[in-house]
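Notes for the one structure printed next.
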Amino acid sequence: MKKIEFTIRNLKLRLAIAFVLMAGILHGQYNPTDENLKNREWFQEAKFGLFIHWGVYSVLGDGEWAMNNQQIPISAYEKLPSFFNPTEYNPAEWVQMAKSAGMKYITITTKHHDGFAMFDSKVSGYNIVKKTPYGKDILKLLADECHRQGIKLFFYHSQLDWHHPDYFPRGFTGGSYTGRKEQGDWNKYLDYMDAQLTELLTNYGPVAGIWFDGMWDKEKADWRLQQTYSLIHRLQPGALVGSNHHLAPIEGEDFQMFEKDLPGHNTTGFAPEQKIGDLPKETCETINNSWGFNLKDNHHKTKKELVQYLVKAAGYGANFLLNVGPMPNGKIQPEHQAVLKQVGDWLKVYGETIYDTQGGPLSARDWGVMTQKRNKIYVHILNWQDEALTIPGLEKKILSAKIFNDKSPVKFLENEFGVSLKVAKEKRDEVDTVVELEVGD
Ligand code: H79
């Protein structure tokens, strides 16, 4: 009798599950594949990636917004591709540089807001193969090299387009200076974007993900997101979709990004209402103050600033996507190469405290952050002058405390006020003093 009841209940449960799934499918609810979920896990553990902003704008040495900032009409901007000839472009060197910086993936601009395709697009003549003396598909060369050297490749793609006639009605940017007619067919533009995405997801081997940007240009528009996101998931179910829309994650996305800010901070003012969701997180930042190559920008970040940003991001459970803007000749600025090497050397020693960790257990503090993995907690002291640091009590019992890099013991005291750690002055590191706590179950 019991068995029959159980079977009936089981049947009801199965019907209920089937119903929920059906309803989900009918409502276009997104169910990520196992491969996608596995890639999300990989992403969460990867922690450090290289962002690359490269386009015909790099010729002007004035960042990737030059067209809009300098109000260059399309007719004039269209002359730029004929000067783009990166004869010293060597993708093997770029990949090598990323790897020795300790980076686990690369995200490159396939099309920025200027609308120029840095790949061999059949649906638009406004592309690198057709319009530049270089005449080669830099993206294909990079994708092949990434696959050869075993590093994952994401594609940045701008939804905003200052060049396409059907990008209409216009948004915040790309106004009348462009010289476009004040008319256009929005759905035709979205078809065009889907066609370019189809090329990107068909002709370049496995793509780790699509990194959208520019939706904020037309906040109220119907971007047909579900159609575009499901196209991507159909073409490459493992590819992770994320968008720099400065909002909470939207159905169909696989990771959440924060531009020039740690999750929850809004120092830029771009994202006053950005809620933090449960998806893997990533924060992106520039190596100087520019994304695209900028000849006059000398505000190069130091090793200390970059390492501390990486550590803080990890403390928030987020990846750090660090940008470089290659020069028009195809080389990456030597000062950027040099600092990336220094960050890589730091990671060779401290990688264990960053890769494959979760943020916490305590959230970020003024003095620094914590990362954790299995029975280890890494206390990253970034900004601190005293001899003893007292933190709130932890849930798990501390078995031992050591300086991470030389394993010398750190005295600690647990009592009702919390945990105090005593780090001798000579053991402090001006970049990051890491105390490794071994904790019980
Ligand atoms: O590709 C890099 C930049 O070119 C691009 N995103 C990075 C990764 C970027 N474009 N714009 N921004 C970043 C910030 C722009 C903010 C603004 Fe606005 C757009 C200010 C006014 C219009 C967002 C929307 C904030 C207010 C409205």
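The first residue in the sequence is number 1, and the count goes up from there. Whatever order the structure lists ligands and atoms in, that order sets their numbers, starting from 1. These numbers come from the heavy atoms of this one structure, side chains and all, not from hydrogens, waters or symmetry mates.
Taking every heavy atom of F270 and a limit of under 4.0 angstrom, the matching atoms of ligand 1 come to 14 (C), 16 (C). Taking every non-hydrogen atom of Y156 and a distance limit under 4.0 Å, the qualifying atoms of ligand 1 come out as 1 (O). The ligand atoms of ligand 1 that sit less than 4.0 angstrom from a heavy atom of E64 are 2 (C), 3 (C), 4 (O).
The protein non-hydrogen atom at the shortest distance from atom 2 (C) of ligand 1 is H53 NE2, 3.3 Å. The single protein non-hydrogen atom nearest to atom 8 (C) of ligand 1 is D213 OD2, 3.7 Å, given as residue, atom name and distance. Among protein heavy atoms, the minimum distance from atom 7 (C) of ligand 1 is reached at E259 OE2, 3.4 Å.
A cation-pi arrangement is absent between K312 and Y309 under the rule of less than 6.0 angstrom and at most 45 degrees off the ring axis.
Remark: the backbone N or O of R170 is not paired with any side-chain donor or acceptor of R180 at under 3.5 angstrom. Of the possible donor and acceptor atoms, one in the side chain of D166 sits under 3.5 Å from a partner among the backbone N and O of D185. Remark: the backbone N or O of G292 is paired with a side-chain donor or acceptor of E64 at under 3.5 angstrom.
Under the 6.0 Å cut-off for aromatic ring centres, H113 and W65 qualify, their centroids lying closer than that.
Not one N or O of W216 is nearer than 3.5 Å to an N or O of ligand 1, by distance alone. Remark: ligand 1 and W291 share no N or O pair separated by less than 3.5 Å (distance only, no angle test). The N/O atoms of H246, backbone and side chain alike, include none that comes under 3.5 Å of an N/O atom in ligand 1.
Not a single protein heavy atom sits closer than 4.0 Å to atom 26 (C) of ligand 1. For atom 21 (C) of ligand 1, the nearest protein heavy atom is 4.0 Å or more away. In this structure, atom 17 (C) of ligand 1 has its sub-4.0 angstrom surroundings free of protein heavy atoms.
With a 4.0 Å cut-off on non-hydrogen atoms, E219 does not touch ligand 1 at all.
For the residues W211, W65, Y57, the heavy atom positioned nearest atom 11 (N) of ligand 1 is part of W65.
Shown here for Y350 and D432, the closest heavy-atom pair between the two residues is OH-O, 4.3 Å. When all heavy atoms are compared, the tightest approach of I52 to W94 is CD1-CE3, 3.5 Å.
At a cut-off of 3.5 Å, with distance as the only test, no side-chain donor of T173 or N68 sits close to an acceptor on the other residue. For the residue pair T33/K38, the side-chain donor-acceptor check at 3.5 Å is not satisfied.
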